[in-house]
K.L.:
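Let me begin by handing over the structure; questions about it come next.
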Amino acid sequence: MPQPGFIRDNGPVNHADQETPASAGPAPDDAAASFDGRQGDGDTGRSRGSRLHPRVTSFRSRRGSLTPAQQQAWDRMWPQVGAEVGDTLLDTTAWFGRQAPLVLEIGSGTGTATAAMAKAEPHVNLLAVEVYRPGLAQLLQQIERDDIPNVRVLRGDAVEVLENMVAPASLTGVRVFFPDPWPKARHHKRRLLQASTFALIASRLRPGGVLHVATDHAEYAEWIAEVGGAEPALTALDWESPMTHERPVTKFEDKAHRAGSTINEFIWGRIRS
Ligand SMILES: C[S@@+](CC[C@H](N)C(=O)[O-])C[C@H]1O[C@@H](n2cnc3c(N)ncnc32)[C@H](O)[C@@H]1O
């Protein structure tokens with residue numbers, strides 16, 4: 001069971017010079033880049049961008065095509081469990097067809113952890129957000145194949161989901177597994193886990209809710225420890241967690257293991273007051 005702060009250590013990191021995000025494996029996705037024209041964010045201080053100055057996103061706009069089987073699964077499943085990211089508050093009780101603790105997974109990739117953790121936590125409503133359409137299609141295939149009832153998927157920028165689609169103090173948990181490290185200094189502004197994102201996540205967690213982060217990138221781990229540790233609404237978890245911390249090894253993590261990378265893991269709790 002992971003402990004608060006640094007958790008796992010299985011060797012050195014090997015991709016500190018990586019130019020592109022660590023997720024670069026999958027094919028590029030289509031236009032999911034943030035360009036929503038909205039201004040400001042009094043709530044969190046995070047800049048939303050404008051038409052002239054679109055927000056810097058933690059992902060690149062990429063294209064990727066689906067296999068015929070993925071497309072068929074998409075056509076069947078997307079209307080049932082998928083939605084595009086928008087600017088309207090979600091009615092998750094209606095969408096999931098029940099009221100249950102809500103856990104948000106940011107950057108679900110191909111959905112390996114999403115599907116496994118949803119099966120392990122049938123009492124949880126799991127919302128997966130990803131910009132990469134082929135990854136979402138793989139998750140839809142798993143949902144259909146294993147008849148998983150408690151996952152819904154959103155396609156687009158998770159920051160917009162946090163800002164617009166989930167209410168303050170409504171999430172039981174947030175998971176961020178292997179966020180793109182953007183290792184070059186000039187790209188650090190693209191990192192998902194900035195001070196403003198920690199503040200935004202903390203504001204969406206209910207008191208006692210949990211943020212679970214894992215990374216295989218040593219320098220990003222230091223950044224996460226420092227920036228996340230400075231968020232006053234988050235603290236080391238010293239109460240029983242409302243969600244599991246047991247992660248399956250994802251495809252991406254498996255690669256990191258085989259490369260001998262260190263996995264660092266963080267668990268914070270939203271302070272109760
Ligand atoms: C390195 S991959 C890790 C995927 C998965 N969590 C895993 O462990 O295999 C990071 C993923 O985050 C997604 N991503 C990055 N920024 C995002 C954002 N702002 N909103 C939604 N997804 C994002 C990328 O598309 C990519 O699939």
Side-chain angles (χ1 to χ4, degrees), residues 8 13 15 18-36 44 46-49 54-64 82-86 103-118 126-139 142 151 153-166 174-183 187-194 196-198 200-201 204 212-217 220-221 224 246-259 261 263-265:
R8 290 183 196 161
V13 165
H15 62 71
Q18 199 173 323
E19 170 76 29
T20 52
S23 64
D29 194 8
D30 43 357
S34 170
F35 191 77
D36 60 12
T44 66
R46 186 164 185 125
S47 166
R48 285 178 172 174
R55 178 170 68 198
V56 173
T57 60
S58 56
F59 52 89
R60 282 211 168 101
S61 183
R62 300 181 292 164
R63 299 206 166 272
E84 297 291 332
V85 168
V103 172
L104 178 73
E105 184 184 349
I106 296 177
S108 50
T110 55
T112 312
T114 320
M117 295 176 92
L126 217 167
L127 194 53
V129 191
E130 175 55 66
V131 291
Y132 175 58
R133 191 164 173 258
L136 285 174
Q138 289 183 58
L139 175 55
Q142 292 183 74
V151 178
V153 301
L154 285 169
R155 180 169 171 250
D157 187 350
V159 175
E160 293 185 32
V161 174
L162 289 162
E163 286 175 342
N164 303 318
M165 300 185 83
V166 295
V174 174
R175 293 176 173 140
V176 189
F177 297 154
F178 303 96
D180 301 310
W182 293 103
H187 290 148
H188 284 181
K189 59 183 179 296
R190 284 189 170 272
R191 288 178 167 175
L192 175 74
L193 294 172
Q194 309 282 342
S196 56
T197 321
F198 276 106
L200 182 58
I201 289 171
R204 271 37 181 179
H212 183 181
V213 177
T215 181
D216 67 319
H217 191 271
Y220 198 14
I224 290 167
E246 299 297 330
R247 289 182 301 103
V249 174
T250 63
K251 189 170 149 193
F252 178 80
E253 183 177 0
D254 188 42
K255 271 193 218 161
H257 278 305
R258 278 188 275 119
S261 300
I263 308 296
N264 287 298
E265 203 153 358

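We count ligands from 1, going down the list as the structure has it; atoms in each ligand are counted the same way.
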K.L.:
Using heavy-atom distances only, which candidate in D254, D157, T114, T250 approaches atom 8 (O) of ligand 1 most closely?
P.N.:
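Looking at heavy atoms only, the winner is T250.
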K.L.:
I'd like to know whether ligand 1 has D180 as a neighbour, heavy-atom separation below 4.0 Å.
P.N.:
yes
K.L.:
Check whether R190 reaches the backbone of T57 with its side chain - one donor and one acceptor, N or O, closer than 3.5 Å.
P.N.:
yes
K.L.:
Any heavy atom of E130 closer to ligand 1 than 4.0 angstrom?
P.N.:
yes
K.L.:
Under a 3.5 Å distance rule, please check whether Q138 uses its side chain to pair with a backbone N or O of G111 as donor and acceptor.
P.N.:
no
K.L.:
Any heavy atom of A214 closer to ligand 1 than 4.0 angstrom?
P.N.:
no
K.L.:
Can you tell which of G107, G156, A256, G135 gets a heavy atom nearest to atom 4 (C) of ligand 1?
P.N.:
G107
K.L.:
I'd like to know if the side chain of Q194 reaches the main chain of H188, judged simply by a donor and an acceptor atom lying under 3.5 Å from each other, with no hydrogens or angles considered.
P.N.:
yes
K.L.:
What is the distance from atom CD of E253 to atom OG1 of T112, rounded to the nearest 0.5 Å?
P.N.:
10.0 Å
K.L.:
Determine whether a donor-acceptor pair (N or O, by modelled atom type, separation under 3.5 Å) exists between the side chain of E130 and the backbone of G109.
P.N.:
yes
K.L.:
Only heavy atoms of F177, strictly under 4.0 Å: list the atoms of ligand 1 that pass.
P.N.:
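Selected atoms, number and element: 3 (C), 5 (C), 6 (N), 8 (O).
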K.L.:
Nearest 0.5 Å, please: how far is OG1 in T197 from CZ in R191?
P.N.:
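Output value for this atom pair is 12.0 Å.
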K.L.:
Report yes or no: does H212 contribute a side-chain atom to a donor-acceptor pair with the main-chain N or O of V176 at less than 3.5 Å?
P.N.:
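No; judged by distance alone, with no hydrogens or angles, the pair does not exist.
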K.L.:
Does even one non-hydrogen atom of I106 get within less than 4.0 Å of ligand 1?
P.N.:
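Heavy atoms of I106 never come under 4.0 Å of ligand 1.
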K.L.:
For ligand 1, which atoms have a heavy atom of S58 less than 4.0 angstrom away?
P.N.:
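Near S58, the atoms of ligand 1 are 15 (C), 16 (N), 17 (C), 18 (C), 19 (N).
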K.L.:
Out of all atoms in ligand 1, which are within 4.0 Å of some heavy atom of A158? Include the element for each.
P.N.:
18 (C), 19 (N), 20 (N), 21 (C)
